[in-house]
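Report on one structure; see the data block that follows.
Chain letters run A, B, ... following the sequence lines, proteins first and then strands; every chain starts at 1.
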Amino acid sequence: MSIYETLNPEQQKGVFTTEGPVLILAGAGSGKTRVLTHRVAYLIQQKGVAPYNIMAITFTNKAAGEMRERIDDMIGFGAERIWVSTFHSSCVRILRQFADRLGYDNRFTIYDSDDQKSLMKDICKRLEIDTKIHKEKAFLSVISSAKDELISPEEFAQSAVGDFDKTRQAEVYREYQARLKANNAMDFDDLIMKTVELLKYDTEVRNYYQERFHYIMVDEYQDTNTAQFELVRLLASGRENLCVVGDDDQSIYKFRGANIYNILNFEKHYPNATVIKLEQNYRSTGNILNAANGVIANNVGRKAKRLWTQADEGEKIYFEQFESAYEEADYIAKDIAKRVRKGEYAYGDCAVLYRTNAQSRLLEERLLLSGIPYKIVGGVNFYGRKEIKDLLSYLKVVDNAQDDLAVQRIINVPKRGIGATSMSKAADYAYMNGMQLFEALEQVENIPTMGRAAAKIIPFVELIYQFRRVAANEGVSALLQHIIDATGYVEELRVEGTDEAKARIENIDELLSKVVTYEQENEEPTLSGFLEEVALVADIDSLDENASYVVLMTLHSAKGLEFPNVYLAGMEDGLFPSYMSITADNSDEEIEEERRLCYVGITRAKEHLSITGARMRMVRGETQYHGISRFVKEIPEELLQGSTWEPKPRDERMFSNPAPTKTSMKATPLAAQTYQAKNFGTKIQKNSLDYGEGDRVKHIKFGEGTVVQINDGGRDFEVTVEFDTAGRKKMFASFAKLQKV
DNA sequence: GGTTTGAAACTTTTT
DNA sequence: GTTTCAAACC
């Protein structure tokens, strides 16, 4: 029996239709990855296509890795010659080869959003723009959108004529781009845009890649932006053996420039396209699927389709609205613990999904208290940590002397007595003479305004020279170790001795082992190669599905994943859909995007789905009151169990408005449902302390300790605790949430 | 030049 | 509730 017989007829069609443009509309859980991997196998085994001629593009490294692994299993030898990678790494690979044709050095640096922000800050200073009025972030977002649409600084300036604000943006954009180039750096958007430029204007390069890639496949096509569309179009032009897979109902990255019309209008771009719909779902139970269908049916402007399954109805969806976010988190933690205890699920089968990263804190607290192993995806990226960025900046300076930003970052880390004044003198001198910062530092004795600081700068320059000599003779890991030793970075942390410093050292150790892994896994490890790999990883890439912990993440991060037991937390109007989307000018569109996000969330669940919300929740230190998310009300009622959204008896002192009934809620304008009340619910129960001086207590972060002193601070008690490991801390009783042991 | 302190902004989502 | 950033102080 051939491997293709296990596929359903539509999936087979997707595999066997190899020539010409193909659009596969693949609903959630319809086996699109199976189709893509089988398609690759079919091309190689049945059509005799060389692996070398096949390209598959995804959005995350994780997706690319999984696809590569599955293809490896199917065809074995030769699979490594296929290009399976993300948009960004594909582009870097092309640019490392040909960036010199655009006037860059092929060893360019990749700037992350932190780097972008520092650069922008500097530019605003140079252009004398008051960042109190015009935010750096606003400029960056304008520039990013322009790049997504392939609008160059020059074109932007032309379209800005007569518009004062836009003219200023154009100037910033031009300067920003000039500085990136001077620093021999590209931001994320540049990676795509510059590759498109290269393919568009350099016939030789275009021909080279068009000759190379005979068959191109793109995953998650609904999330491509204009630049990515153009990139794919250029690579595929000629043969046009282009197969795109996507689901318009799962398009959730509009804010990042994703153009939903890329998928909706695919048949217009390619009139001879074959369109295949995968509507059979192999993931979820009937109830979960019907809930998802019920919600998404409220969107207009989508391709008609309806997912179905052969699976049983399964359990009903559990829904409950809690009084506070605290109780909600408590319920989720207890429910997970209960199900694991009963042997129903392992920790690794459970995922908690939410709209915003900020929601993770409460959940984390409860899980920690219940002793449930968990992992939070997103939030602070490993490579975003200070100590990691510092060390990476050393590597960057060694690799690319033009990277002013990296020089700026490390010149006084660890402290060398080179302060802001000296650095701005050096930066001004470099700016005046059209040289890079490091060049200016190399000839610091020529900087007239520089006084005694010069004596401190010379050893720094020498240090970098020394690192370069090491880099020339030894591997990346040896270089990094040398940098750590020579700068005394870890030593300084060790002397500090605090828990935070210890955590930093651990992170640095992890960085070292990542370098070693990189060296082992690559045939030709290089410093640039390592830095590139580091720049392009996303947090989700590190997720291991077989691990035994509960996963907490945003709905966005959850796309493409599946779990037997899923919790959708914070299903409240004003949080999800977000207040921003409800009040936006184009509210209808924004709400539809949120609804797609909800659809993504529901369809992550295989067997069991719990939907929860809270009436009361702290947002930015302010207590807010929310009604139940409108999306919950779009789920057919017969699919739900648990408490429905009938209002519960409520505390009259807290709510002066009459409780909305089920029918009146639908009619009530939103503003009435989502109101804020300052200082409500934050009153402290002053007599509620169940511990006293001398008692043993437990704190979430600091562990156990002894209460030394309790002071009546008026509105709250101020408690001093001597912790066994963390030392003496003073804290307010209402915040510390100490527990008597 | 470095450290401390207080105010202000922040949160929608990220390759 | 947390983080970031500037001013004031050492």
Can you check the [X] [atom1] to [N] [atom2] distance for me, whole Å?
X: A/L231; N: B/dT15; atom1: CG; atom2: P; value: 18 Å
X: A/I110; N: B/dT14; atom1: CD1; atom2: P; value: 20 Å
X: A/F229; N: B/dT15; atom1: CZ; atom2: P; value: 24 Å
X: A/K117; N: C/dT4; atom1: NZ; atom2: C1'; value: 8 Å
X: A/E592; N: B/dT13; atom1: CD; atom2: P; value: 22 Å
X: A/D187; N: B/dT14; atom1: CG; atom2: C1'; value: 14 Å
X: A/I582; N: B/dT11; atom1: CD1; atom2: C1'; value: 15 Å
X: A/K62; N: B/dT14; atom1: NZ; atom2: P; value: 15 Å

Check your understanding: If we ignore angles and hydrogens, is there a donor and acceptor under 3.5 Å between the side chains of A/Q222 and A/D247?
Key -> no
Review point. With no hydrogens and no angle check, do the side chains of A/K147 and A/Q177 hold a donor and an acceptor under 3.5 Å apart?
Key: yes
Exercise for review: Report yes if the distance between the aromatic ring centroids of A/F59 and A/H88 is under 6.0 Å, otherwise no.
Suggested key: no
Review point. Considering only side-chain heavy atoms of A/K121, which listed nucleotide, C/dG1, C/dA6, B/dT14, is closest?
Key: C/dA6
Would you say a side-chain N or O of [X] is under 4.0 Å from OP1 or OP2 of [N]?
X: A/N61; N: B/dT15; answer: no
X: A/S557; N: B/dT14; answer: yes
X: A/N225; N: B/dT15; answer: no

Base, sugar-phosphate, or nothing for [X], non-hydrogen atoms under 4.0 angstrom?
X: A/E594; value: base
X: A/K137; value: sugar-phosphate
X: A/F255; value: base

Check your understanding: Can you check whether A/T356's main-chain N or O pairs, donor with acceptor, with A/Q359's side chain at less than 3.5 Å?
Key -> yes
Point to revise | A/S587 side chain to A/T583 backbone, donor-acceptor under 3.5 Å | key: no
Check your understanding: How do A/T86 and A/S578 order along DNA chain B: which one's closest nucleotide is nearer the 5' end?
Key -> A/S578
Exercise for review: For A/R620 and for A/Q116, find the nucleotide of DNA chain B with the closest heavy atom, then tell me which residue's nucleotide is more 5'.
Suggested key: A/R620
Exercise for review: Using only heavy-atom distances, decide whether a donor-acceptor pair under 3.5 angstrom links the side-chain of A/H556 to the base of B/dT14.
Suggested key: no
**Study point:** Separation of the C1' atoms in B/dT11 and C/dA6, to the nearest angstrom
**Key:** 23 Å
Practice item. Using the ring of A/F382 (Phe, Tyr or Trp, six-membered ring only), decide whether A/K514 places NZ or CZ under 6.0 Å from its centre and within 45 degrees of its axis. Key: yes
Review point. Taking it one step at a time, do A/D187 and A/Y176 satisfy side-chain hydrogen bond (donor to acceptor under 3.5 Å, both in side chains)?
Key: CA-CA 11 Å; A/D187 63 21; A/Y176 174 77; 2.9 Å; yes
Study note, to complete from the structure: Expected string for nucleotides 1-8 of chain B under the B/S/- scheme (protein heavy atoms, under 4.0 Å, primed atoms plus P, OP1, OP2 as sugar-phosphate) is SSS-----
Review point. Within a radius of less than 6.0 Å around OH of A/Y261, do more than 12 heavy atoms belonging to other residues, nucleotides or ligands occur?
Key: no
